[in-house]
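Beneath this line is the structure, given in structure tokens, with notes to follow.
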Number of protein chains: 2
Amino acid sequence: MAEDVFKALADPTRRRILDELVERDGQSLFEICTRLVTKHGLGLSRQAISQHLAVLESAGLVVTRREGRYKFHDLNTEPLERIMTRWLRPDRPEDTP
Amino acid sequence: MAEDVFKALADPTRRRILDELVERDGQSLFEICTRLVTKHGLGLSRQAISQHLAVLESAGLVVTRREGRYKFHDLNTEPLERIMTRWLRPDRPEDTP
DNA sequence: ACGATAGGCAAGTGATGACTTGCCTATCAA
DNA sequence: TTGATAGGCAAGTCATCACTTGCCTATCGT
């Protein structure tokens, strides 16, 4: 649902996670944790990140695959593409196909 | 700031307001109130809508112009176009909140 | 001048959301 | 098996947010 996508995007930490997945797809929870801490200095617990990933997943922005004890997270931009054109009026010459 | 834009879009009522302004630009506060009530059955006070409009305005999604005792609200899609491509182009992650 | 219209300001309330802590299960390596 | 790794579940705290209520200012028409 569109509601879930907008709410998922409302949090800066979740947007950081999406940035991280754009840069490197298929990361595990712990990978994302360490990269958020080392690269952006975010002091968040593992559970916090886990909950953020759950929100992103239920919004369809992240899809997961399990392999053994690892759970890999992949970005899915399809919900974004559906949503962003909602208020873009068709009177813009460069954007209208 | 991108943060304000995402937070502004997080609320369903504010998204309704943007829908309303796409359909008919330059409405006053009372016009928006009555249209939200009659067309979508939203039972909200005038102040609630006013606060939502303030959020949208500080996010840059709505620009206002005063004429006498009227204040007209116009849609501005420029902030949307800036944040849209953040995760759609893997080469260039953008800066943030 | 008056009353009616259009809008703003500020404090208070109730709900949602972000984050933590503690404990639990499952998988792998030695 | 033991211990370490990867992750999940649930309750609790604290802040933010949406919305209301009440009162205030400014502008217009008569």
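Hydrogens, waters and symmetry mates play no part in the numbers below; they use all other heavy atoms, side chains included. Just so we're on the same page: letters track the sequence lines, and every chain starts at 1.
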Original post:
Quantified as the angle between the terminal helix axes (five pairs each), what is the overall bend of the helix from dA1(C)-dT30(D) to dA30(C)-dT1(D) to 10 degrees?
Top reply: 30°
Side-chain ion pair, [X] and [Y], N-O less than 4.0 Å:
{"X": "D11(A)", "Y": "R16(A)", "result": "no"}
{"X": "E20(B)", "Y": "R15(B)", "result": "no"}
{"X": "R35(B)", "Y": "E31(B)", "result": "no"}

Find the distance [X]:[atom1] to [N]:[atom2] and express it as a whole number of Å.
{"X": "F72(B)", "N": "dT27(D)", "atom1": "CZ", "atom2": "P", "answer": "15 Å"}
{"X": "L56(A)", "N": "dG17(C)", "atom1": "CG", "atom2": "C1'", "answer": "14 Å"}
{"X": "F6(B)", "N": "dG17(C)", "atom1": "CZ", "atom2": "P", "answer": "18 Å"}
{"X": "E3(A)", "N": "dA18(D)", "atom1": "CD", "atom2": "P", "answer": "11 Å"}
{"X": "R14(A)", "N": "dA18(C)", "atom1": "CZ", "atom2": "C1'", "answer": "8 Å"}
{"X": "R16(B)", "N": "dA18(D)", "atom1": "CZ", "atom2": "P", "answer": "17 Å"}

Subject >> Given DNA chain C, 5'-ward residue of the pair Y70(A) and K7(A), judged by closest heavy atom >> reply: K7(A)
Original post:
For DNA chain C, what residues of residues 47-55 of chain B have any heavy atom nearer than 4.0 Å?
Top reply: Q47(B), S50(B)
Original post:
Which parts of residues 62-69 of chain B get close to DNA chain C, meaning a heavy atom less than 4.0 angstrom away?
Top reply: R66(B), R69(B)
Original post:
Using a cut-off of less than 4.0 Å, is there contact between a side-chain N or O of S45(A) and OP1 or OP2 of dT20(C)?
Top reply: yes
Subject >> Under 4.0 angstrom between R46(B) side-chain N/O and dC19(D) OP1 or OP2 >> reply: no
**OP:** Would you check if L44(B) and T13(B) make a side-chain contact, meaning some heavy-atom pair closer than 4.5 Å?
**Re:** yes
Subject >> Considering all heavy atoms, the nearest D25(B)-L75(B) contact >> reply: OD1-N, 2.9 Å
